[in-house]
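Keep in mind the model is a prediction, meaning the values are calculated, not measured. Because only heavy atoms are used, hydrogens play no part in the values below, and waters and symmetry mates are left out as well, while side chains stay in.
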Amino acid sequence: MIGEGLQSTNQRKHSYVQDRVEVGFFTDPSVCIGCKACEVACKEWNQVPDDGFTWSGNSYDNTGHLGASTWRHVMFLEQDRPKGNQVTGSMGLPFDQQSIGNQQSDLSAVGPAEAEDPFRWVFLSDVCKHCEEAGCLEACPTGSIVRTEVGSVLVQNDVCNGCGYCVVSCPFGVVDRRPEPLHDAGGAFKCTFCYDRQKSGLVPACAKVCPTESIVFGRLDDLRARGAKRVEQLQQSGYKDAQLYDPTETSVRGIHAFFLILGEPEAYGLPPKPQIPTIYLKSAWISAFATAIASIIATLAGFAFFS
Amino acid sequence: MTNGPQAEQRLEQLREEAWKKGVVPGKGVDVAGGPIPRKPGYYGQPLVKPPVWTWEIPLYFFFGGMAGMSAVIASGAIVFHQVDLARTAMWVAAVAGAGLSPILLIMDLGRPHLFLNMLRVFKHRSAMSMGAWILSAFGACAVPGLIALELHARQIFPGALDQLLRVAAGLLIFGSAIFGTLLATYTGVLIGATAIPAWFLHRTLLPIHFGTAGLGSAAAVLELLGHRIPALNFLGFYAAGVETALLIWLSVDKHGAADRAIHEHGSGWLIRIGEVLNGPLALVLRFFAFVPFAAISFLLGALVSRIGWIAVGKVSGADPESVFAAEHY
């Protein structure tokens, strides 16, 4: 066990649900090793059906995207820049055809070549963001999607009738309707933040199994402080493009499962400025009411002047 | 694949293609030419989820719009003492709005047996919840309204009871007209207030289009059912005129990659064909007094453009570039 070991908030029992404390996930790709234990733990604990066994050809990622049967998704990014101060590339080895042909490999040329063929492999475990202002929760017409005591967003699957409106209302494309013939098909599914485990004082399955504490579970305020500290630490050690992904400036007003990212959010398939769709309601309803009134006037005018 | 000339031919084809293009497209080979993916976002994965709705929803938009606005025409007919037209219009409203629409909506649910859960809560911030209540209220007005109107028109009951029926029919039909206008227009709000770029960028246009297409469809259907009166012809002109204006609006108000699903792909063609059918073509046909053809053209256009808008949502939602581009607006 790396990091804080058994002292970590990932391993301790807690009473956050009883105490109504806001909790969250902080996911840090700089220590993720891409083991996918979180994906497996999530599937096993929540008994999520498989989402197809296909080769994507996209690095080591055959999971694809979060969805009805994918609640944790480890991303594998291949980027043409160095990770921190790490040296990549052929290290100045004379690797062109001519020199190999002449058998004249000059090994004295080996050394840290700074910007030579920079390359990095970044892993990040994606999950439902449990937004402060959640699009799915606002959209749900059955009241199936609720906010829990710990601030997470939960789909109550016995209430959901599968209308599919949350699917188009999530700015992150997380929640989805589970198709036939999978088990429990028809309803909308997404990460539950292991609400069932949390009620018994247990930590969400993915955080519990993470061997490097890349996924950290804990009090949201603690995690935010931890995230800010980690960004500072990484920037000092050469990760110039380390930043937190927590869109507090947009109408989503922040996320409870936030990320440290290296580089731009776009590369992770994260929208730079996610918006909750309810901000579009006002202009749309004004237009609807105007059309309604115009239609009534047109009808009355039609009968009045053309009868 | 089995041994044979066909298999060999396929291999020859692959070799040709590889020779010519340097790469054979297929699953897993799109990273050829370097380890760094060139697709936008994360391997071209969609950022938002495209709608899961199938053919029932555009059909519901079509019938719901027609039903809602038919109740408005029925009210107008009542006010101007055209009871026959009012009766036909209320039949259209009740059959399409209280019959077909709920059936289509329930069919599209992932768990149809739980459809009553729609009425568990009232959420004004959810257009879907508002729609469920609007449709219920519409049905609750239109069906008894039609019954009362028919009983009154056929003079089933004598004297005072008939007078009561007359008043009840009037009130219920006005009620269904009010909920009808909302039934026809809320669908625009429903898809306008989502995370799909091509939809939310046109959230002002959508309710106008859906409502007006509903009004035109109602007038067209009533004309085809034999009510060839100038008032409905005027409504036909009005709807086709507004739709023509919307066609121009849509071709001017472009947002580049963010809403290219409206202008490109199959979805773009559906929108274009639908808008031409219920806009300029219906207008021209009506101008030359080919009323039934204008009516059919409008109905077809209203249906095709509804199918088109759902298709646009599917294309736009699956396109990560459209989401990135929409961030700039």
Side-chain angles (χ1 to χ4, degrees), chain A residues 55-58 61 64-65 75 77-80 119 135 138-144 159-165 167-173 175-177 185-187 266-269 271-273 277-278 280-281 283-285 287-288 291-292 295-296 298-300 302-307, chain B residues 27-31 35-37 41-43 45-49 51-53 69 72-73 76 79-80 109-111 114-115 117-118 120-121 123 125-126 128-129 132 181-182 185-186 188-189 192-196 200 203-204 207-208 211-212 215 230-231 234-235 238 313 317 320 323-324 327:
Chain A
W55 298 111
S56 70
N58 302 331
D61 179 4
H65 198 269
M75 299 194 235
L77 274 74
E78 297 173 354
Q79 295 183 314
D80 48 0
F119 177 79
E138 295 289 353
C140 179
T142 62
S144 156
V159 180
C160 173
N161 64 11
C163 75
Y165 198 41
V167 177
V168 286
S169 300
C170 172
F172 299 99
V175 63
D176 203 0
R177 196 158 85 176
E266 285 92 335
Y268 297 81
K273 276 182 260 159
T278 45
Y280 308 129
L281 277 174
S283 46
W285 274 119
S287 170
T291 311
S295 300
I296 292 172
T299 307
L300 291 178
F303 281 106
F305 300 117
F306 297 93
S307 288
Chain B
K27 220 169 193 179
V29 271
D30 40 19
V31 287
I36 310 301
Y42 181 73
Y43 298 108
Q45 289 278 351
L47 260 80
V48 294
K49 285 261 179 292
V52 289
W53 299 325
M69 287 303 185
V72 177
I73 294 178
V79 171
F80 290 91
L109 290 179
R111 290 165 173 167
L114 294 180
F115 73 94
N117 281 3
M118 282 289 186
R120 263 183 93 235
V121 289
K123 286 165 84 170
R125 267 160 72 84
S126 165
M128 182 72 96
S129 173
T181 55
L182 296 177
T185 51
Y186 96 87
V189 182
T194 61
I196 307 289
F200 74 67
R203 58 190 178 273
T204 315
I208 304 176
T212 310
L215 183 61
F234 166 76
L235 285 180
Y238 166 78
V323 180
F324 292 135
E327 304 288 345

Part of B/Leu215 lying under 4.5 Å from any heavy atom of chain A: side chain
Which of A/Phe306, A/Tyr280, A/Tyr268, A/Phe172 touches chain B most, by non-hydrogen pairs under 4.5 Å: A/Tyr280
Most chain B-contacting option - heavy-atom pairs closer than 4.5 Å, from A/Trp285, A/Phe303, A/Phe305: A/Phe303
Contacting moiety of A/Ala304, where chain B heavy atoms sit under 4.5 Å: both
Winner by heavy-atom pair count (cut-off under 4.5 Å) against chain A, out of B/Pro230, B/Gly192, B/Gly211, B/Ala132: B/Pro230
Atom pair CE/CD of B/Met128 and A/Glu138 - distance to nearest 0.5 Å: 15.0 Å
Which atoms of B/Met69 approach chain A - backbone, side chain, both or neither, heavy atom under 4.5 Å: side chain
B/Thr181 side-chain N/O to A/Ala292 backbone N/O, donor-acceptor pair under 3.5 Å: no
OG1-CG distance between A/Thr142 and B/Leu109, expressed to the nearest 0.5 angstrom: 10.0 Å
Exam field: side chain B/Arg203 to backbone A/Ser283, donor-acceptor pair closer than 3.5 Å: no
Validation row: B/Phe115, A/Cys163 side chains within 4.5 angstrom (heavy atoms): no
Taking every non-hydrogen atom, the tightest pair across B/Tyr43 and A/Leu77: OH-CA, 4.4 Å
Residue among A/Ala185, A/Ser169, A/Ala288 with most heavy-atom pairs under 4.5 Å to chain B: A/Ala288
Side-chain heavy-atom pair A/Pro277, B/Phe200 within 4.5 angstrom cut-off: no
Side chains of B/Tyr42 and A/Asp61, donor plus acceptor under 3.5 Å: yes
Leading residue by heavy atom contact count with chain A [cutoff under 4.5 Å; candidates B/Ser129, B/Gly313, B/Ser126, B/Gly317]: B/Ser126
Distance-minimising heavy-atom pair for B/Lys49 and A/Gly173: NZ-O, 3.1 Å
For the student: nearest non-hydrogen atoms of B/Val121 and A/Gly143, plus distance: CG2-N, 3.6 Å
Heavy-atom pairs under 4.5 Å with chain A, option from B/Leu235, B/Leu47, B/Thr212 with the top count: B/Leu47
Side chain / backbone / both / neither for A/Cys170 at chain B, heavy atoms under 4.5 Å: backbone
For the student: nearest non-hydrogen atoms of A/Leu281 and B/Val189, plus distance: CD2-CG1, 3.8 Å
Chain A contact via B/Pro320 - side chain, backbone, both or neither, heavy atoms under 4.5 Å: neither
Which atoms of A/Ala298 approach chain B - backbone, side chain, both or neither, heavy atom under 4.5 Å: both
Gap separating the CD1 atom of B/Ile73 from the OG1 atom of A/Thr299, nearest 0.5 angstrom: 5.5 Å
Distance (rounded to the nearest 0.5 Å) between A/Thr278 OG1 and B/Arg125 CZ: 4.0 Å
Contacts of type salt bridge (Lys or Arg N to Asp or Glu O under 4.0 Å), residue A/Glu266, not counting sequence neighbours: none
Set of residues satisfying side-chain hydrogen bond (donor to acceptor under 3.5 Å, both in side chains) with respect to B/Tyr186, sequence neighbours excluded: B/Tyr60
Reported OG-to-CZ distance for the pair A/Ser144 and B/Arg111, which is rounded to 0.5 angstrom: 8.5 Å
Interatomic distance, B/Tyr238 atom OH to A/Ser295 atom OG [nearest 0.5 angstrom]: 5.0 Å
Considering all heavy atoms, the nearest B/Arg120-A/Val159 contact: NH1-CG1, 3.2 Å
Minimum-distance pair of heavy atoms, taken over all atoms of A/Pro171 and B/Val48: O-CG1, 3.6 Å
